[in-house]
Amino acid sequence: MLSIGVDRGSQPSRSTQNANEAMREVLNAKSLMRFPIIALSVLLCVTSLASIARADEAPPAVKTSDWNGYEKLDFEVAGRAALLVKPKVAAPGNPWIWRTEFFGHEPQGDIALLGLGWHVAYFKVSDMYGAPLAIALMDQFHDFVAKTYGLNPRAVLEGFSRGGLYAVNFAATHPDKTAALYLDAPVLDIRSWPGGKGAGKGDAHCWQQALEVYGLTDDAEALKNFKGNPLDRLEPIAAAKIPILAICGDADKVVPYPENSAILEERYKKLGGTISVILKPGGDHHPHSLKDPQPIVDFLVKNAYAK
């Protein structure tokens with residue numbers, strides 16, 4: 001259930017309960033029905049009480065601020081921090097790019113797209129590593145911002161590092177809500193990172209979090225049979241003809257390219273998908289993005305909303 005601001009749960013507030021009880025008393029009071037003018041007066045009073053109750057339950061105002069010269073809206077969805085940055089003038093079709101992790105880091109691509117009339121969004125589901133619960137929360141956010149702000153029903157998901165887990169798993173679950181994927185040094189297999197089961201050293205704390213949120217144990221056989229990684233979920237994305245841009249360093253020591261994006265490119269091409277990989281020779285995990293974001297912008301503008 002979608003909630004904005006403070007989560008009041010599924011139970012009505014005391015003011016709403018009081019208004020409802022008063023309404024029932026009016027409708028059931030046969031004695032009042034003998035005096036229609038009095039009944040109408042009472043009914044109007046109860047209606048006013050109900051209106052006050054609804055006003056009391058209204059979500060808190062959205063906080064506005066400046067972000068690189070653009071208006072940023074901060075609010076909550078399902079009790080979690082969310083934001084939307086608005087362009088000066090929205091482009092036709094209201095396109096938008098959704099940063100799944102690390103909002104504001106190496107933002108040159110996002111800023112360039114804002115200049116072209118795109119919206120930029122972020123929703124905080126950190127430490128959930130693209131697990132099904134995270135994807136369900138992301139779906140609530142998607143539906144809320146698309147409806148409330150009139151955004152395109154399909155978003156471009158932008159996955160930096162571990163954000164790749166969220167971006168690809170959302171696209172695999174909701175290909176009809178995905179226009180394209182921009183992946184930057186993305187994690188595409190939790191065994192690679194944070195598990196550290198390959199060439200990378202991983203992260204022990206994050207690995208325990210990932211195991212818990214996916215309901216896994218650190219057992220070699222169980223992990224071998226695990227099929228919830230983005231690399232295992234490419235078929236529905238390719239079937240929906242969702243284009244992918246990946247930017248990676250071929251010497252990434254944190255999220256090794258051969259264990260993640262190299263496999264992505266091979267598998268996605270075999271499935272008939274459109275994928276462009278920009279490989280940075282000698283590049284490590286950082287810096288992300290490109291100093292000149294024009295290739296990113298060109299790919300997304302050309303491919304994201306082409307169909």
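The first residue of the sequence shown is numbered 1, and numbering continues consecutively from there.
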Test your reading of the model: is there a side-chain donor-acceptor pair from [X] to the backbone of [Y], 3.5 Å cut-off?
X: Asn94; Y: Ala90; answer: no
X: His142; Y: Thr178; answer: no
X: Tyr166; Y: Met138; answer: no
X: Ser192; Y: Leu188; answer: no
X: Asn229; Y: Leu231; answer: no
X: Tyr257; Y: Asp284; answer: no
X: Asp66; Y: Glu71; answer: no
X: Lys86; Y: Leu114; answer: no

Kindly state whether the ring of Phe141 and the ring of Trp98 have centres lying under 6.0 angstrom apart. yes

What do you reckon, are the aromatic ring centroids of Tyr305 and Trp118 less than 6.0 Å apart? yes

Point-to-point distance, once rounded to the nearest 0.5 Å, from [atom1] of [X] to [atom2] of [Y]:
X: Leu151; Y: Leu84; atom1: CG; atom2: CG; answer: 5.5 Å
X: Lys269; Y: Ile244; atom1: NZ; atom2: CD1; answer: 11.5 Å
X: Ile247; Y: Ser276; atom1: CD1; atom2: OG; answer: 8.5 Å
X: Ile278; Y: Ile296; atom1: CD1; atom2: CD1; answer: 6.5 Å
X: Leu83; Y: Phe75; atom1: CG; atom2: CZ; answer: 7.0 Å
X: Tyr268; Y: Ile242; atom1: OH; atom2: CD1; answer: 6.0 Å

Asp143/Lys177 ion pair, N-O < 4.0 Å: yes

Between Lys197 and Asp218, is the closest basic N to carboxylate O distance under 4.0 Å? yes

For residues Ser161 and His288, is any side-chain donor paired with an opposing acceptor at under 3.5 Å? no

Report, as yes or no, whether the 6.0 Å neighbourhood of atom [atom1] on [X] holds more than 12 heavy atoms from other residues, nucleotides or ligands.
X: Glu212; atom1: CD; answer: no
X: Lys124; atom1: NZ; answer: no
X: Glu235; atom1: CD; answer: no

Parallel, tilted or perpendicular: rings of Phe226 and Tyr214 (30°, 60°): perpendicular

Using salt bridge (Lys or Arg N to Asp or Glu O under 4.0 Å), reason through Glu266 and Lys270 one step at a time and then give a plain yes or no. CA-CA 6 Å; Glu266 179 185 2; Lys270 284 184 179 179; 3.4 Å; yes

Test item: [X] and [Y] side chains (from C-beta on) under 4.5 Å apart, heavy atoms:
X: Leu181; Y: Leu245; value: no
X: Val277; Y: Ser261; value: no
X: Leu73; Y: Thr148; value: no
X: Asp110; Y: Glu158; value: yes
X: Glu265; Y: Asn260; value: no
X: His119; Y: Asn152; value: no
X: Val145; Y: Phe123; value: no
X: Leu116; Y: Val301; value: yes

Kindly indicate, with the supporting measurements, whether the criterion side chain to side chain contact (heavy atoms under 4.5 Å, CB included) is fulfilled by Thr100 and Tyr122. CA-CA 6 Å; Thr100 57; Tyr122 171 73; over 6 Å; no

On the ring face of Tyr70, is Lys88 found with NZ or CZ under 6.0 Å from the centre and within 45° of the axis? yes

On the six-membered ring of Phe160, is Arg99 placed so that its NZ or CZ lies under 6.0 angstrom from the centre and within 45° of the ring axis? yes

Run Arg233 and Thr173 through side-chain hydrogen bond (donor to acceptor under 3.5 Å, both in side chains) and show every step you take. CA-CA 9 Å; Arg233 307 190 64 207; Thr173 307; 3.1 Å; yes

Which pair of non-hydrogen atoms, one from [X] and one from [Y], has the smallest distance, and what is that distance?
X: Leu183; Y: Ala167; result: CD2-CB, 4.0 Å
X: Lys280; Y: Pro287; result: NZ-O, 2.8 Å
X: Pro236; Y: Ala172; result: CG-O, 3.6 Å
X: Gly200; Y: Pro256; result: N-CG, 3.7 Å
X: Trp96; Y: Arg154; result: NE1-O, 3.7 Å
X: Pro186; Y: Cys248; result: CD-SG, 4.2 Å

Candidate pair His105 and His286, rule side chain to side chain contact (heavy atoms under 4.5 Å, CB included), full reasoning: CA-CA 11 Å; His105 179 67; His286 293 281; 3.9 Å; yes

Ser289/Gln108 under side chain to side chain contact (heavy atoms under 4.5 Å, CB included): CA gap, chis, key distance, verdict: CA-CA 8 Å; Ser289 191; Gln108 50 268 37; 3.7 Å; yes

Decide yes or no on side chain to side chain contact (heavy atoms under 4.5 Å, CB included) for Ile190 and Leu165, but give the supporting numbers first. CA-CA 8 Å; Ile190 60 171; Leu165 295 168; 3.9 Å; yes

